[in-house]
Amino acid sequence: MSTLQGTNSSWDLSYGNVYPTIALPFPVHSWSPQTGKNGDGWKYTYKATTIRGFQQVHQCSPWMGDYGVFSLMPLTGELKVKEDERASAFKHENEIAKPSYYKVQFDNNITTEIAPTERAANMRFSFPNDDAFIVFDGYTKFCAVTIIPKERKLIGYVTNGTFIPKEFKNHFVIQFDQPFEEYGTWRAAGDTISAKSLSEEGEKCGAFLRFKKGVKLNAKIASSYISLEQAELNLKLELGKHKKFEDTHNAANKTWNELLGRVKVEGGTEDDKATFYSCLFRANLFSHKFYDLKEDGSPHYFSPYDAKIHDGYMYTDNGFWDTFRAQFPLSNILHPTMQGRYMQSLLDAQEQFGFFPTWSNPGMSGVMIGNHAISLLTDAWMKGIRNFDPEKVLKAYLHEATNKGPWGGSNGREGHEYWFSLGYIPYKEVSESGAKSLEYAYDDWCAYQLAKATGNKFYQNIFERQMYNYKHVFDTTVGFVRGRDKHGNWVPKDFDPVEWGDPFTEGNPWQWSWSVFHDINGLIKLMGGKDRFNAKLDSLFTAPNTVKYGSYKQEIHEMKEMILQGLGQYAHGNEPVQHAAYLYNYSGQPWKAQKQLREIMKKIYNATPNGFPGDEDQGETSSWYVLSALGLYAVCPGTDQYVIGSPMFDKITITMENGKRFVIKAKDNNEKNVYIKSAKLNNKDHQKNWITYQDIINGGVLDLEMSSEPNKQRGTGKDAIPFSVSLEN
């Protein structure tokens, strides 16, 4: 596996839009080499030939930018603090990029190594026999840095980022193991250098240190959003016992080996395994922890929502519009304890800000659409993760659905007045109206589902009225979802399903028409029955991949990615359509899902720098692959079901937190034998096209017999169909 997967990206074409993350699972802080300029969302691009620093990073998407950033850069010879001038050339053959360890040797023979902990890192710099400098860069906004020569230490804080409260500070302490021969500070992005200066503060400032020639230098770095004292404690708790760099590296390696080893795959090709474990790594990075531990081990945090210190757990750096679909359903299997803490933290955030977070970075942003915190909470509850008060959730969600917050379109509910009066969001009155109508219907079903599961008739009755509203934006005369004005007219009149944009978010009706996760049965009826549904689903993957720019007026990267993938109008690089191949399980032709899913996995995923079919999106795109490679997928988060696909491997063993094991065996599995001939769950014939969460976490065996020919009898009965709310009511 490689953390360079997906790094060959740019703003106009994404193969992941990620950086080679050096981190523990779900860390507070990550680390990365920096090839881009300060402030550039594409902080590392594979085509770059120079590195200008090694950053502490928190960025969940290049489109969101980073926050709390600073960097260190080793130099030899002449001191150069400006980021362009200090950039040093490197080659990928002199680079090792692993989750627990990063190493690069520059062309000038300086070697940098990094090993992470959750809140700290150990860096080692090996210099040739020449002057040895370390440049500290406080990034784009405010920085305060102090040099303490007697203690061989740098301390201070940085304040940078877009979605941060004004009180936000990332306090840092950097402890070196060698004395300073010379030191000073700089400001104005390097235009002014002050030798022997011990402190500096302001925008775009930093510090420099000179060490003896040819030194091998260790730097232990820790940070905290709470205080400098907490940063010092983090250094002590996480690196205090690590006398050598190798101690940190070995501990990080052990952590990742234990986690990745909990999902053991056997069979398949080496390339398949590399892709699987590279994706499993990415699936376990976000959300970031946003809490520190006190001396006694209890958690507390600086809240990005009310800027106060609270006891408890907090998480951040996640866009739920992306991750409710696969990343959270995967984490519910692997990390139920963390998920329980996470769900309570959502309620805490809502109490502190007045609305649930939807895309935190680290505070509220309101980016994208929908109110998907309710999906996370309902999905957790239905899977037995229940350490939060469901009535508080429903009360908070009703406020969410009937008010608009101060941030963007997903902070509260944009167009809520129309939603409750018309039953849909009208075209042009509110942007992205069709997409919002679909997502609000699903979110309101989630609230209905939680209310029903907890016996809360009051909220059940409220949200039962809205969960079928998806029907109001489906035009049966054209067979697609589309825009509708406030008078009930279908617009625009010159409808074309390949046209992107308003009323849809980063997609077109071909991709959005399947976004009725909670009622695929109802969608099948709208499309004219199973035969017509299957024919349209077939066409999704075979239609010409024509693009009309629509309201975007130009090609956006998602369009280019769909064309390059060559899977018809199926645009896997963006989330709204990622569940579509599984829908054959609802319409009597599950063998088509099996074939199509294997083709998608093989065709558009790999472990190279071109490894993803679009933005990786905080573990979502990688989690889709992990779950699909297991042969399972949560089409409708908020139920306890995982729909069956076609596993990539002969045998998969998932070890739960409680030590129980769920094993998926696929006899005669290979690239041609993608169809399920027969299935048994714990030695009993299994005709259903799904299994439950409890089936997985309680341990057991799913035995599949694979074939090169589809079994068109298995999984076709009424009892085989996964959940749809209209089949229950």
Chemist: Quick one: closest heavy-atom pair of C279 and Q5, and the distance?
Modeler: SG-NE2, 3.7 Å

Chemist: Take atom NZ in K595; do more than 12 heavy atoms of anything else shown fall under 6.0 Å from it?
Modeler: no

Chemist: Is the centre of the H518 ring less than 6.0 Å from the centre of the Y448 ring?
Modeler: no

Chemist: Please determine whether the number of non-hydrogen atoms from other residues, nucleotides or ligands lying under 6.0 Å from atom CD of E671 exceeds 12.
Modeler: no

Chemist: So for atom NZ, which belongs to K712, do other residues, nucleotides or ligands contribute more than 12 heavy atoms lying within a distance under 6.0 Å?
Modeler: no

Chemist: Provide the full list of ring pair (Phe, Tyr, Trp, His ring centres under 6.0 Å) pairs with a residue in residues 557-590, sequence neighbours left out, each pair given once.
Modeler: W63-H557, F517-H579, F541-Y570, Y570-H572, H572-Y605, H572-W624, Y582-Y633

Chemist: With salt bridge (charged side-chain N to carboxylate O under 4.0 Å, His left out) as the rule and sequence neighbours excluded, what pairs involving residues 692-705 come up?
Modeler: K677-E705

Chemist: Just checking K688: does its NZ atom have more than 12 heavy atoms from other residues, nucleotides or ligands closer to it than 6.0 angstrom?
Modeler: no

Chemist: Tell me the salt bridge (charged side-chain N to carboxylate O under 4.0 Å, His left out) pairs involving residues 521-532, sequence neighbours left out?
Modeler: none

Chemist: So how far is it from F328 CZ to N318 CG, rounded to the nearest 0.5 Å?
Modeler: 4.5 Å

Chemist: What pairs meet the salt bridge (charged side-chain N to carboxylate O under 4.0 Å, His left out) rule with one or both residues in residues 320-340, with sequence neighbours excluded?
Modeler: R325-E439

Chemist: Using salt bridge (Lys or Arg N to Asp or Glu O under 4.0 Å) as the criterion, list what pairs up with E561, not counting sequence neighbours.
Modeler: none

Chemist: Kindly confirm or rule out a cation-pi arrangement of K471 over Y468, judged by NZ or CZ under 6.0 Å from the six-membered ring centre and within 45° of its axis?
Modeler: yes

Chemist: For K103, enumerate each residue passing the salt bridge (Lys or Arg N to Asp or Glu O under 4.0 Å) test, keeping only those at least two apart in sequence or located in another chain.
Modeler: none

Chemist: Scan for ring pair (Phe, Tyr, Trp, His ring centres under 6.0 Å) pairs involving residues 519-540, sequence neighbours excluded, and state none if there are none.
Modeler: W514-F533

Chemist: Pairs in or reaching into residues 256-267: which pass salt bridge (charged side-chain N to carboxylate O under 4.0 Å, His left out), with residues at least two apart or in two chains?
Modeler: K254-E258

Chemist: List in chain and number order the residues that pass salt bridge (Lys or Arg N to Asp or Glu O under 4.0 Å) with E270, two or more places apart in sequence or in another chain; answer none if no residue qualifies.
Modeler: K273

Chemist: Could you check whether atom CG of D685 has more than 12 heavy atoms from other residues, nucleotides or ligands sitting under 6.0 Å from it?
Modeler: yes

Chemist: Can you tell me which residue pairs pass the side-chain hydrogen bond (donor to acceptor under 3.5 Å, both in side chains) test with a partner in residues 374-387, sequence neighbours excluded?
Modeler: N332-D379, S375-Y442, D379-K383

Chemist: Among residues two or more places apart or on two chains, list those pairs meeting ring pair (Phe, Tyr, Trp, His ring centres under 6.0 Å) that have a residue in residues 696-729.
Modeler: W445-F723

Chemist: Any side-chain to backbone donor/acceptor pair from Q344 onto R341? Under 3.5 Å, distance only.
Modeler: no

Chemist: Does anything in residues 660-701 form a ring pair (Phe, Tyr, Trp, His ring centres under 6.0 Å)? List the pairs, not counting sequence neighbours.
Modeler: none

Chemist: May I ask you to check whether F276 and F649 place their ring centres under 6.0 Å from each other?
Modeler: yes

